K.L.:
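Handing you a structure now.
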Amino acid sequence: QTVIYRAGDTYKENASKTLYAVWEKVENPAINEKMPTLFVSDVASNVGSTVTVDISIKNNPGITAFSFAVDYPTEVMTLKNVEYKTLFSSKATGSKDMESPYIISWFSPSSEDEANNGVIATLTFEIKENVTAGNYEINLSYDENNIFNSAYTNIAFVVENGVVTVSNNIAGDVNND
């Protein structure tokens, strides 16, 4: 038996039936280009090296505050430093501990909307030794109540996660021998 879910539908638990849901992410680049967006840069690094990753905002309609989490694979990399940029009237702040998920927050000291775009923070990671080469995601997430404007209206942002491509190449080794 197939169940079709429509937005707003509700289902009651029934111990004799299991409901499976499959979600498909459909992206429309034309829409996303205009949407308020938080995004992580894609970068490449080698095993045992350090790498910097930017977290940025674009198409900012004007916000008074934000708080979001940065989740990264701790088995692959260690967060060593966070440099907060002067994008807004005050700098963002972060978690006391450099652990995943790392929380970045900001609140306008004047409680007025600020519509600046650019780099919020640059994170420096150390790629661990003996890590398998591959692509590793750095993910952003936020609670819908944690980005809002001066009227306390929640502002929805698209999130574009970043990828750290880790290789075990040696600098100057053009044929990987």
Side-chain angles (χ1 to χ4, degrees), residues 23 25-128 131 134-167:
W23 300 97
K25 182 178 179 182
V26 179
E27 292 191 28
N28 183 337
I31 292 174
N32 284 348
E33 284 179 15
K34 298 176 183 176
M35 294 289 297
T37 305
L38 290 170
F39 64 100
V40 181
S41 60
D42 293 329
V43 296
S45 186
N46 290 317
V47 171
S49 297
T50 59
V51 63
T52 58
V53 176
D54 288 335
I55 297 177
S56 303
I57 187 171
K58 66 181 177 183
N59 302 322
N60 179 0
I63 56 175
T64 300
F66 64 70
S67 181
F68 57 84
V70 181
D71 191 34
Y72 57 91
T74 56
E75 68 280 2
V76 175
M77 59 189 78
T78 304
L79 181 59
K80 292 302 209 179
N81 187 54
V82 179
E83 178 188 352
Y84 297 100
K85 306 298 182 174
T86 311
L87 181 63
F88 300 107
S89 61
S90 62
K91 290 184 180 183
T93 59
S95 303
K96 180 180 175 184
D97 298 320
M98 302 283 236
E99 297 177 6
S100 183
Y102 185 80
I103 307 300
I104 295 178
S105 301
W106 170 80
F107 189 83
S108 170
S110 66
S111 297
E112 294 182 11
D113 292 335
E114 297 188 31
N116 301 11
N117 295 296
V119 178
I120 296 169
T122 299
L123 284 63
T124 301
F125 292 96
E126 182 178 284
I127 308 300
K128 295 181 178 182
V131 170
N135 295 324
Y136 299 95
E137 282 197 4
I138 297 181
N139 299 305
L140 299 181
S141 62
Y142 71 95
D143 180 279
E144 67 182 24
N145 296 317
N146 286 347
I147 301 179
F148 54 89
N149 63 18
S150 59
Y152 296 102
T153 301
N154 295 335
I155 307 295
F157 271 74
V158 171
V159 170
E160 295 177 2
N161 297 317
V163 173
V164 176
T165 300
V166 177
S167 62

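The first residue of the sequence shown is numbered 1, and numbering continues consecutively from there. Note that the structure is predicted; figures quoted are calculated from it, not measured.
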K.L.:
Using a 3.5 Å distance criterion without hydrogens, assess whether the side chain of Asn60 forms a donor-acceptor pair with backbone atoms of Gly62.
P.N.:
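Flag set: sc Asn60 to bb Gly62 pair under 3.5 Å.
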K.L.:
Below 4.5 Å, heavy atoms only, C-beta onward: do Leu140 and Asn161 meet side chain to side chain?
P.N.:
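The answer is yes, as the side chains (C-beta and beyond) meet within the 4.5 Å cut-off.
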K.L.:
Kindly state whether the ring of Tyr142 and the ring of Phe66 have centres lying under 6.0 angstrom apart.
P.N.:
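They do not qualify: ring centres at least 6.0 Å apart.
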K.L.:
Considering all heavy atoms of both residues, which atom of Met77 and which atom of Tyr136 are nearest to each other, and what is their separation?
P.N.:
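Heavy-atom minimum between the residues: CE-CB, 4.2 Å.
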K.L.:
Do Thr64 and Glu114 have side-chain N/O donor and acceptor atoms under 3.5 Å apart?
P.N.:
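Judged by distance alone, the side chains do not pair up.
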K.L.:
Would you say the side chains of Thr93 and Trp106 form a donor-acceptor pair under 3.5 Å?
P.N.:
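Checked: Thr93/Trp106 side chains show no N/O donor-acceptor pair below 3.5 Å.
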K.L.:
Side chains of Ile138 and Val70, heavy atoms from C-beta outward: is any pair under 4.5 Å?
P.N.:
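They are in contact (side-chain heavy atoms under 4.5 Å apart), so the answer is yes.
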K.L.:
Side-chain contact test, heavy atoms from C-beta onward, threshold under 4.5 Å: evaluate it for Val166 versus Asn46 and give yes or no.
P.N.:
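No, too far: nothing below the 4.5 Å cut-off.
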K.L.:
Is a side-chain N or O of Asn116 found less than 3.5 angstrom from the main chain of Leu87, in a donor-acceptor match?
P.N.:
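Answer holds: yes.
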K.L.:
Would you check if the side chain of Ser110 reaches a backbone N or O of Ser108 as a donor-acceptor pair within less than 3.5 Å?
P.N.:
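Not at all, since once roles are kept as given, no pair shorter than 3.5 Å links the two residues.
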K.L.:
Might you point out which heavy atoms bring Val51 and Ala44 nearest each other, and give the distance in Å?
P.N.:
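The pair with the smallest heavy-atom distance is CG2-O, 3.9 Å.
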K.L.:
Taking 4.0 angstrom as the limit, do Glu126 and Lys128 come out as a salt bridge?
P.N.:
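Salt bridge flag = no for Lys128 with Glu126.
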K.L.:
Check whether the side chains of Asn149 and Asp113 place a donor and an acceptor atom closer than 3.5 Å, and report yes or no.
P.N.:
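The answer is no; no qualifying pair exists.
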K.L.:
Which one of Asn146, Ile104, Asp143 satisfies the side-chain contact (heavy atoms from CB on, under 4.5 Å) criterion with Ser67?
P.N.:
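Testing each of Asn146, Ile104, Asp143 against Ser67, the sole residue satisfying side-chain contact (heavy atoms from CB on, under 4.5 Å) is Asn146.
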K.L.:
Can you tell if the side chain of Leu38 reaches within under 4.5 Å of the side chain of Glu160, non-hydrogen atoms only?
P.N.:
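The answer is no, as the side chains (C-beta and beyond) never meet within the 4.5 Å cut-off.
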K.L.:
Ala121 and Val82: which non-hydrogen atoms are nearest, and at how many Å?
P.N.:
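Smallest heavy-atom distance, with atoms named: CB-CG1, 4.1 Å.
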K.L.:
Less than 4.5 Å apart, side chain to side chain, heavy atoms only: is that true for Val164 and Ile127?
P.N.:
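Val164 reaches Ile127 side chain to side chain.
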K.L.:
If only atom types and distance count, is the side chain of Asn117 paired as donor or acceptor with the main-chain N or O of Asn59 below 3.5 Å?
P.N.:
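Confirmed, Asn117 side chain pairs with Asn59 backbone.
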K.L.:
Please check this pair: side chain of Thr122 against backbone of Val53, looking for a donor-acceptor N/O pair closer than 3.5 Å.
P.N.:
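Checked: no pair found.
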K.L.:
Can you name the residues that form a side-chain hydrogen bond (donor to acceptor under 3.5 Å, both in side chains) with Tyr84, not counting sequence neighbours?
P.N.:
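Scan of Tyr84 (side-chain hydrogen bond (donor to acceptor under 3.5 Å, both in side chains), adjacent residues dropped) gives Tyr102.
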K.L.:
Measure from NZ or CZ of Lys80 to the centre of the six-membered ring of Phe125 and say whether it is under 6.0 Å with the direction within 45° of the ring axis.
P.N.:
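Judged by the rule (NZ or CZ under 6.0 Å from the ring centre, within 45° of its axis), Lys80 is not positioned above Phe125.
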